[in-house]
There are 2 protein chains.
Amino acid sequence: MKKSNDRQLIKRNIKPTAMRELVLEVLTEEETAISLPELEKRFEKADKATLYRTLKTFEERKLIHSIDDGSGPVKYALCLEKCSCEVEDLHVHFHCTKCNKTYCLHEIPVPSISLPKDFSLESVNMVVQGICANCE
Amino acid sequence: MKKSNDRQLIKRNIKPTAMRELVLEVLTEEETAISLPELEKRFEKADKATLYRTLKTFEERKLIHSIDDGSGPVKYALCLEKCSCEVEDLHVHFHCTKCNKTYCLHEIPVPSISLPKDFSLESVNMVVQGICANCE
DNA sequence: TAAGTAATGCAACCGGGTTGCAAAGATTGG
DNA sequence: CCAATCTTTGCAACCCGGTTGCATTACTTA
């Protein structure tokens, strides 16, 4: 368990510390994205700044990606193995307005858009709001 | 000038006060979306809370809509006359990572998405990041 | 093992957003 | 035209997510 997570960390050039293993474990268990404040609640004893920096490190090394679903705090979710966070890896996110959970819809790529003249595309953020299957 | 804006306010059931006329004027002049902090800078003498409530009122009455482009503060832009902020009125937004301006791409509707089973759609937020025509 | 580097914990701060409350302004019924 | 009422404004304070500086601890490696 711990070993397998370590491999993921090492692969992304992240030194596997106890803290990082724990955070990665939570991110792995969780099927929906998690925010810093949520993480703080999970680890009452851990320091906010440490958790914050852990997430930042994970994000920087592309182990996780951030999602701003407009509901407040930014959330984070694991990237797929093959993901390098380029435009072609981008998928749609779903935010449930009832339970406030945010899902990665990995199987739904963001549709391509033709922009007006002289506008160039770097990235796309697409969040669908609605009610999720669990809340129906 | 003032008269024409007043008509817009009255049409949306907003009592036209001096403050509201001024804010609407700025929103009308501006071709890109504007945030509360930006508005505060424009009106040094006006109170933050008043500006805040003005925007909230405008939004509630569907004179403007809010855009969270992920760059920090929420921005606001005028709705089109016919807009009622329903799913079919939704358009793509463009955020320039260079000048930080956010554009309404009224002519580009948000693409429709087929969600997984038992997920229902209420709204969509689609923001394209890139470089705008002015910054090219 | 000592020196150097990286991670952690603590505290404080910042900025956007939001609210309570009192004062000022607009509205309306008598 | 005035009094009572409702609305808007201004001020202050607060909340919360995010972020940083700095000292301490843990780890690495020469």
Side-chain angles (χ1 to χ4, degrees), chain A residues 2 5-6 8-10 12-26 33-61 63-77 95 100-102 127, chain B residues 2 5-6 9-10 12-26 33-61 63-77 95 100-102 125 127:
Chain A
K2 178 172 154 183
N5 281 350
D6 277 8
Q8 285 193 67
L9 291 172
I10 292 159
R12 303 277 186 171
N13 260 298
I14 304 165
K15 209 186 295 179
T17 67
M19 196 70 249
R20 288 168 178 173
E21 283 161 1
L22 286 170
V23 171
L24 178 52
E25 209 179 303
V26 168
I34 191 165
S35 68
L36 175 56
E38 276 160 9
L39 213 50
E40 285 179 63
K41 275 166 212 138
R42 284 292 197 99
F43 298 105
E44 296 271 332
K45 290 191 290 188
D47 182 63
K48 183 169 68 152
T50 305
L51 293 171
Y52 169 75
R53 284 188 276 236
T54 301
L55 289 174
K56 282 294 176 191
T57 304
F58 283 7
E59 188 184 16
E60 209 173 283
R61 309 292 166 83
L63 178 57
I64 62 178
H65 60 280
S66 67
I67 309 145
D68 186 346
D69 62 19
S71 73
V74 173
K75 295 175 182 171
Y76 298 87
H95 174 237
N100 193 34
K101 285 191 197 301
T102 299
V127 179
Chain B
K2 176 173 154 181
N5 281 349
D6 276 9
L9 292 172
I10 292 160
R12 303 277 186 172
N13 260 300
I14 304 167
K15 210 185 295 179
T17 67
M19 196 69 250
R20 288 169 180 173
E21 282 161 1
L22 286 170
V23 172
L24 178 53
E25 208 177 303
V26 168
I34 192 166
S35 68
L36 176 55
E38 277 159 10
L39 214 50
E40 285 179 63
K41 277 167 211 136
R42 286 291 198 99
F43 299 104
E44 295 273 329
K45 290 191 292 189
D47 182 64
K48 183 169 69 153
T50 305
L51 293 171
Y52 169 75
R53 284 188 275 235
T54 300
L55 289 174
K56 283 295 176 189
T57 304
F58 283 7
E59 188 185 17
E60 209 173 283
R61 308 291 165 85
L63 179 58
I64 62 178
H65 61 280
S66 67
I67 309 145
D68 185 346
D69 62 19
S71 73
V74 173
K75 295 175 182 171
Y76 298 87
H95 174 236
N100 193 35
K101 285 191 198 302
T102 299
N125 180 28
V127 179

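Chain identifiers are assigned alphabetically (A, B, ...) following the order of the sequence lines, protein sequences preceding nucleic acid strands; residue numbering begins at 1 within each chain.
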Heavy-atom side-chain contact between A:Asp47 and A:Tyr52 under 4.5 Å
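No, every pair of side-chain atoms sits at 4.5 Å or beyond.
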Between [N] atom [atom2] and [X] atom [atom1], what is the distance in whole Å?
X: A:Ile10; N: D:dT28; atom1: CD1; atom2: P; result: 11 Å
X: A:Lys56; N: C:dA7; atom1: NZ; atom2: P; result: 17 Å
X: B:Leu22; N: D:dT8; atom1: CG; atom2: P; result: 16 Å
X: B:Asp68; N: C:dG15; atom1: CG; atom2: C1'; result: 15 Å
X: B:Leu51; N: C:dG16; atom1: CG; atom2: P; result: 13 Å
X: B:Arg20; N: D:dT7; atom1: CZ; atom2: P; result: 11 Å
X: A:Glu60; N: C:dA6; atom1: CD; atom2: P; result: 13 Å
X: A:Leu36; N: D:dT20; atom1: CG; atom2: C1'; result: 14 Å

As a test of reading the structure: which of [options] is closest to the side chain of [X], going by heavy atoms?
X: A:Tyr52; options: D:dT19, D:dA12, C:dG17; answer: D:dT19
X: A:Thr54; options: C:dA6, C:dT8, D:dG18; answer: C:dT8
X: B:Ala49; options: C:dG17, D:dT9, D:dC11; answer: D:dC11
X: B:Val74; options: C:dG17, C:dA7, D:dC11; answer: C:dG17
X: B:Lys15; options: D:dT7, D:dT9, D:dG18; answer: D:dT7

Spacing of A:Arg20 atom CZ and A:Arg53 atom CZ [to the nearest 0.5 Å]:
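That separation rounds to 10.5 Å.
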Could you tell me the separation between the CG atom of B:Leu24 and the CD1 atom of B:Ile14, rounded to the nearest 0.5 Å?
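It is 8.0 Å, given to the nearest 0.5 Å.
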Between residues 37-47 of chain B and DNA chain D, which residues have a heavy-atom gap below 4.0 Å?
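Those residues are B:Asp47.
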Please walk me through it: do B:Glu40 and B:Leu36 pass side-chain contact (heavy atoms from CB on, under 4.5 Å)?
CA-CA 6 Å; B:Glu40 285 179 63; B:Leu36 176 55; 3.9 Å; yes
Verify side-chain contact (heavy atoms from CB on, under 4.5 Å) between A:Lys56 and A:Tyr76, making sure each step is shown before the conclusion.
CA-CA 10 Å; A:Lys56 282 294 176 191; A:Tyr76 298 87; 4.3 Å; yes
Decide yes or no, distance alone: a donor-acceptor N/O pair under 3.5 angstrom between the base of D:dG10 and the side-chain of B:Arg53.
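Such a pair is found, so the answer is yes.
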When only distance counts, do a donor and an acceptor, one from the side chain of A:Lys48 and one from the base of D:dG18, lie under 3.5 Å apart?
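Side chain to base: pair present.
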Any base atoms under 4.0 Å from A:Thr17, or only sugar-phosphate, or nothing? Heavy atoms, all strands.
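Result for A:Thr17 = sugar-phosphate.
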With a 4.0 Å cut-off on heavy atoms, is A:Lys75 in touch with a base, just the backbone sugar-phosphate, or nothing at all?
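Nothing: the residue A:Lys75, judged by heavy atoms under 4.0 Å, touches no strand.
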Between the main-chain N or O of A:Asn5 and the side-chain N or O of A:Gln8, is there a donor-acceptor pair closer than 3.5 Å?
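Judged by distance alone, no pair lies under 3.5 Å.
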What donor-acceptor contacts under 3.5 angstrom involve side-chain atoms of residues 63-70 of chain A, with partners at least two apart or in another chain?
{"unit_1": "A:His65", "atom_1": "ND1", "unit_2": "A:Ala77", "atom_2": "O", "d": "3.2"}
{"unit_1": "A:His65", "atom_1": "NE2", "unit_2": "A:His91", "atom_2": "NE2", "d": "3.4"}
{"unit_1": "A:His65", "atom_1": "NE2", "unit_2": "A:His93", "atom_2": "NE2", "d": "3.1"}
{"unit_1": "A:Ser66", "atom_1": "OG", "unit_2": "A:Glu59", "atom_2": "OE2", "d": "3.1"}
{"unit_1": "A:Asp68", "atom_1": "OD1", "unit_2": "A:Gly70", "atom_2": "N", "d": "3.0"}
{"unit_1": "A:Asp69", "atom_1": "OD1", "unit_2": "A:Ser71", "atom_2": "N", "d": "2.8"}
{"unit_1": "A:Asp69", "atom_1": "OD1", "unit_2": "A:Ser71", "atom_2": "OG", "d": "2.6"}
{"unit_1": "A:Asp69", "atom_1": "OD2", "unit_2": "A:Ser71", "atom_2": "OG", "d": "3.4"}
{"unit_1": "A:Asp69", "atom_1": "OD2", "unit_2": "A:Lys75", "atom_2": "NZ", "d": "2.9"}
{"unit_1": "A:Asp69", "atom_1": "OD2", "unit_2": "A:Thr102", "atom_2": "OG1", "d": "2.5"}

